[in-house]
Structures are given as structure tokens and as C-alpha cells.
Amino acid sequence: MSTLTAGYSDVRATNLSAVLGFLRANAPCSRAAIAGGTGLNKATITNIVGDLIDRRLIRETEQTQNRVGRPATLLELDGSAYAAIGMEISARGLTAIAYDAAGGQILRWHRSGPGRGAGPDKTLTATSALARRAMAAVEATGRQILGLTVGVPGLVDRDGTVVLAAGLGWRDYPLKPRLLDALSHPTFSVSVDNDANLSALAEYRYGPYAGTNNLIQISGDTGLGAGVIADGRPLQGNLGYVGEVGHLRVAPDGPVCGCGRRGCLEAVAGIPALVRRLHDDTDDLQLAVEQIVARASAGDSETVKALLETGSWLGQGVAMLANLLNPALIVLGGYYATLGEWLLPAVEKELQGQALAPQAGGCKVALSALGHDITAIGAVARSLDQLDAGRIPG
């Protein structure tokens with residue numbers, strides 16, 4: 001491709017992205033409104049809109065838009081041509097979600113197991129079976145699959161190898177290559193990423209504070225990780241190992257962490273650590289958290305004290321992130337959101353006390369509203385973000 005052609009392609013992708021982004025935020029709206037909102041001239045808008053209508057990414061709709069007389073021809077997103085699939089592997093089980101290009105949900109499935117003790121090969125078999133089922137369901141709607149992304153609670157390198165997933169008991173497992181083989185190397189993109197990274201994408205695209213250009217999402221499940229959006233883009237790092245805040249050493253004489261080291265933040269502020277602190281030996285974290293909520297709601301002093309301690313430790317991690325990255329927002333997700341009523345005050349106290357900048361550098365702490373599907377939702381967002389960037393198949 002010549003430099004001139006490449007330059008034209010880049011400009012066109014930028015223009016496509018601008019139009020799709022404006023419509024996603026403001027639809028239904030007119031061509032004139034898009035021109036005014038994007039700064040593109042009328043001829044360019046006519047060309048881009050025509051192309052997007054032909055590709056079934058947007059469509060015309062007649063609405064009055066509060067005007068008298070003949071209805072105006074407005075534009076809205078069209079989800080009939082493309083869809084993305086997101087999946088999560090966790091200790092709770094497997095989740096699969098698919099959204100169309102307009103953000104409409106096509107499917108949402110969850111199955112329990114295989115679980116921590118199953119091992120990666122058995123989990124791969126179950127994951128690929130669920131993925132093939134999701135692929136067939138999406139293709140049956142006549143939509144083209146943009147991509148499939150799988151989230152895993154652990155270190156994932158750029159090649160899709162799970163370097164370490166302590167909560168699953170995995171080390172150095174080449175998940176992406178083996179998943180590609182199991183799916184017979186589909187024509188669309190298949191990727192594997194850390195669950196916290198994908199959760200941050202979900203918050204940035206779909207959460208109550210969507211569009212916050214500097215945010216961090218902290219996941220609280222079997223592990224403790226952070227996904228980072230910096231200046232509107234996911235922070236990736238050198239090899240993709242960003243956000244392992246759970247393995248900051250905060251208590252040198254503290255308990256042994258799942259990574260093998262002693263005193264990690266995860267070992268004192270993780271949900272399994274909270275459960276152990278309350279002498280609960282169940283392997284069912286969901287049940288344990290439900291019991292903690294019930295006891296805390298009833299005012300049980302031991303439970304409330306343990307939650308306060310966990311919140312204080314977690315707040316130390318939050319303050320470190322605020323000092324390092326100066327985010328506008330830190331979102332607590334997973335079971336941290338479930339327990340937020342008791343954790344949040346302690347987290348905010350530590351943040352205000354330990355952050356160097358005045359008023360914690362403008363950082364707000366909030367609870368996620370996206371629930372336990374957040375990783376799979378973020379996995380969907382990863383593929384749809386490629387579309388919104390103007391990289392359209394064909």
C-alpha cells in the first residue's frame with residue numbers, strides 16, 4: 001500500500017470513527033447535527049453516511065425531533081450486520097455474551113464449572129464448546145462476527161498465554177493458540193486478555209461514568225486486579241502485564257499470597273482473605289459473600305470489623321494508584337461492589353489520608369453497576385471498539 005493510500009485510509013477511518021461515535025452518543029440525529037458535532041463538511045458527511053448505511057451500520061428513521069410539519073429524516077445505529085462475542089473464565093464458571101453493533105444484547109449465557117480444580121485443558125474444552133454455541137447463535141441471526149475475546153483472572157501476555165492465574169491454578173498455558181485450534185481458526189479475531197483490563201473497558205463504554213478518560217477499575221473476585229484507562233485508551237504496558245495492584249507488597253509480615261509471596265495486597269484485602277478472616281472455609285465465594293452481607297446487615301460486630309479492615313487495606317491500594325496515575329475515577333467491581341456499603345467509607349478515608357495531591361487529585365471512588373458480567377461485557381467492548389475506531393470489515 002502506498003503512503004498516499006495509507007494516509008487516505010487513516011483519514012477515512014478517523015472520519016468513520018467520528019460519525020459512529022457521535023451517533024452512539026446522540027442518536028437519533030440529523031446529518032446536519034453530525035456535521036456540526038464532528039466538524040466534517042457536508043460532502044464528507046454525505047459520503048460517510050452513505051457508506052455506513054450501505055454497510056448496515058446506521059439507518060434512516062423518521063422522527064419529528066420536536067418540530068411541526070413533515071417528519072425529519074434522522075439517523076440511528078443499525079445492529080443488523082455485525083456482532084461481537086465476549087467470554088469470561090472464572091472460578092465461578094463460564095460466561096458468554098454477544099452484543100450487536102448498536103449495543104443490543106443477542107445472548108447471555110452462564111454455566112457453572114469447570115472450576116479451579118478442573119485444570120486448563122478441561123476448561124478449554126468447555127470454553128470452546130460454549131464459544132462454538134455462541135458463534136452459531138450469532139451467525140443464525142445473519143450477523144457477521146467481529147471478534148471473540150476471552151477474559152481470564154491472571155497475567156496474560158500479548159500472545160494470549162496465561163502466564164499465571166493463581167485463582168485458577170494455571171501457569172504458562174497457551175490459551176489463545178489452543179482456543180484457535182479448538183475453533184478451527186475462524187476468520188474473525190480471537191483474543192485473550194486479563195479480566196481487569198476488560199472490566200475497565202466495560203466501565204469506560206457502558207458504566208454510569210462512561211467516557212471518563214482516566215479511570216481505573218478494581219476487580220474483587222478470586223483475585224485483585226486493576227484495569228486502567230489512560231487518556232481514553234487502555235493502558236497496556238510493555239508485555240501486557242498492567243494493573244497487578246493485588247501483588248503490591250503492603251504487609252511484609254502478612255499472610256502468604258496465592259502468587260507464593262508474602263504480604264501482597266491481595267492476601268490482606270482480597271475477597272478470599274476476607275472470608276478466611278471470618279473463619280469461613282467454604283470454596284463458594286458467592287455464598288460466603290451473601291452470608292457476610294447478611295451478618296453485616298444485622299450488625300454483627302466481628303463481620304463489620306473485618307469489613308472495615310479489608311476496606312482500609314484496599315484503600316491503601318487505591319491511594320497508591322491515585323498517587324501513581326491520578327485518575328478521575330476508581331471503580332470498585334465484583335464482590336467489592338456487593339460489599340460496598342461497608343467497604344467504601346474505609347476506602348475513601350485511606351484515599352484522602354494517603355493521597356499526596358489535595359483532595360486526592362480530584363479522584364472519586366464509586367461502585368460498579370455492571371455486576372458479575374462485567375468482564376464478558378468488556379470482552380464484547382474490545383471488538384466493538386475496533387468498529388468504532390473506523391476499522392470496518394471489508
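Numbers for residues simply follow the sequence, beginning at 1. Treat the numbers as computed from the prediction; the structure is a model and nothing was measured.
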Would you give me the side-chain donor-acceptor pairs under 3.5 Å for residues 353-369, sequence neighbours excluded?
unit_1: Gln354; atom_1: NE2; unit_2: Glu350; atom_2: OE1; d: 2.5
unit_1: Ser368; atom_1: OG; unit_2: Glu203; atom_2: OE2; d: 2.5
unit_1: Ser368; atom_1: OG; unit_2: Leu370; atom_2: N; d: 3.2

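- Minimum heavy-atom separation, Val304 to Gly299: CG2-C, 4.5 Å.
- In the hydrophobic cluster analysis, where Ile, Leu, Val, Met, Phe, Trp and Tyr join through side-chain heavy atoms closer than 4.5 angstrom, Leu198 is grouped apart from Val190.
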- Yes or no on side-chain hydrogen bond (donor to acceptor under 3.5 Å, both in side chains) for Asn47 and Thr44, after CA distance, side-chain angles and deciding distance? CA-CA 5 Å; Asn47 182 276; Thr44 299; over 6 Å; no

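- Checked against salt bridge (charged side-chain N to carboxylate O under 4.0 Å, His left out), Arg391 has no partners two or more places apart in sequence or in another chain.
- The CD1 atom of Ile58 sits 4.5 Å away from atom CG of Leu52, with the distance rounded to the nearest 0.5 Å.
- How far OG1 of Thr61 is from CG of Leu75: 9.0 Å, rounded to the nearest 0.5 Å.
- Under the rule for a ring pair (Phe, Tyr, Trp, His ring centres under 6.0 Å), Phe22 has no partner lying at least two apart in sequence or in another chain.
- With sequence neighbours left out, Tyr204 forms a ring pair (Phe, Tyr, Trp, His ring centres under 6.0 Å) with no residue at all.
- Electrostatic pairing of Lys176 and Asp159 does not count as a salt bridge here, judged by no charged N lying under 4.0 Å from a carboxylate O.
- In this structure, CD1 in Ile229 is found 9.5 Å from CG in Asn213, a value given to the nearest 0.5 Å.
- Annotation: ring pair (Phe, Tyr, Trp, His ring centres under 6.0 Å) contacts of His372 (sequence neighbours excluded): Tyr335.
- Leu351 and Trp342 fall within the same hydrophobic cluster, where Ile, Leu, Val, Met, Phe, Trp and Tyr residues are linked whenever their side-chain heavy atoms come under 4.5 Å apart, directly or through other members.
- Arg31 meets the salt bridge (charged side-chain N to carboxylate O under 4.0 Å, His left out) test with Glu60; sequence neighbours excluded.
- Surrounding CZ of Phe188 are more than 12 heavy atoms belonging to other residues, nucleotides or ligands, all under 6.0 Å away.
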Listed pairs under 3.5 Å, donor-acceptor, residues 235-262 side chains, sequence neighbours left out:
unit_1: Arg249; atom_1: NE; unit_2: Arg262; atom_2: O; d: 3.2
unit_1: Arg249; atom_1: NH2; unit_2: Pro252; atom_2: O; d: 3.4
unit_1: Arg261; atom_1: NH2; unit_2: His247; atom_2: O; d: 2.8
unit_1: Arg262; atom_1: NH1; unit_2: Gly254; atom_2: O; d: 2.9

Name each donor-acceptor pair under 3.5 Å that joins a side chain in residues 378-385 to protein atoms two or more places apart or in another chain, with its distance.
unit_1: Arg382; atom_1: NH1; unit_2: Asp193; atom_2: OD2; d: 2.9
unit_1: Asp385; atom_1: OD1; unit_2: Arg205; atom_2: NH1; d: 2.6

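- By the salt bridge (charged side-chain N to carboxylate O under 4.0 Å, His left out) test, Asp121 is found to be paired with Arg178, residues two or more places apart in sequence or in another chain being considered.
- Sorted by first and then second residue, the side-chain hydrogen bond (donor to acceptor under 3.5 Å, both in side chains) pairs with a member in residues 132-142 read Thr141-Arg143; sequence neighbours excluded.
- Within the 4.5 Å cutoff, no side-chain heavy atoms of Val162 are placed close to those of Arg171.
- Here Ala306 pairs with Leu274, Arg277, Leu278 under the side chain to side chain contact (heavy atoms under 4.5 Å, CB included) rule; sequence neighbours left out.
- Contact of the Asn214 side chain with the Asn326 side chain is not registered, since no non-hydrogen atoms from C-beta on lie closer than 4.5 Å.
- When ring centroids are compared, Tyr82 and Tyr99 stay outside the 6.0 Å threshold.
- By the ring pair (Phe, Tyr, Trp, His ring centres under 6.0 Å) test, Trp170 is found to be paired with Tyr173, residues two or more places apart in sequence or in another chain being considered.
- A 4.5 Å side-chain heavy-atom check between Leu307 and Ile292 finds at least one atom pair inside the cut-off.
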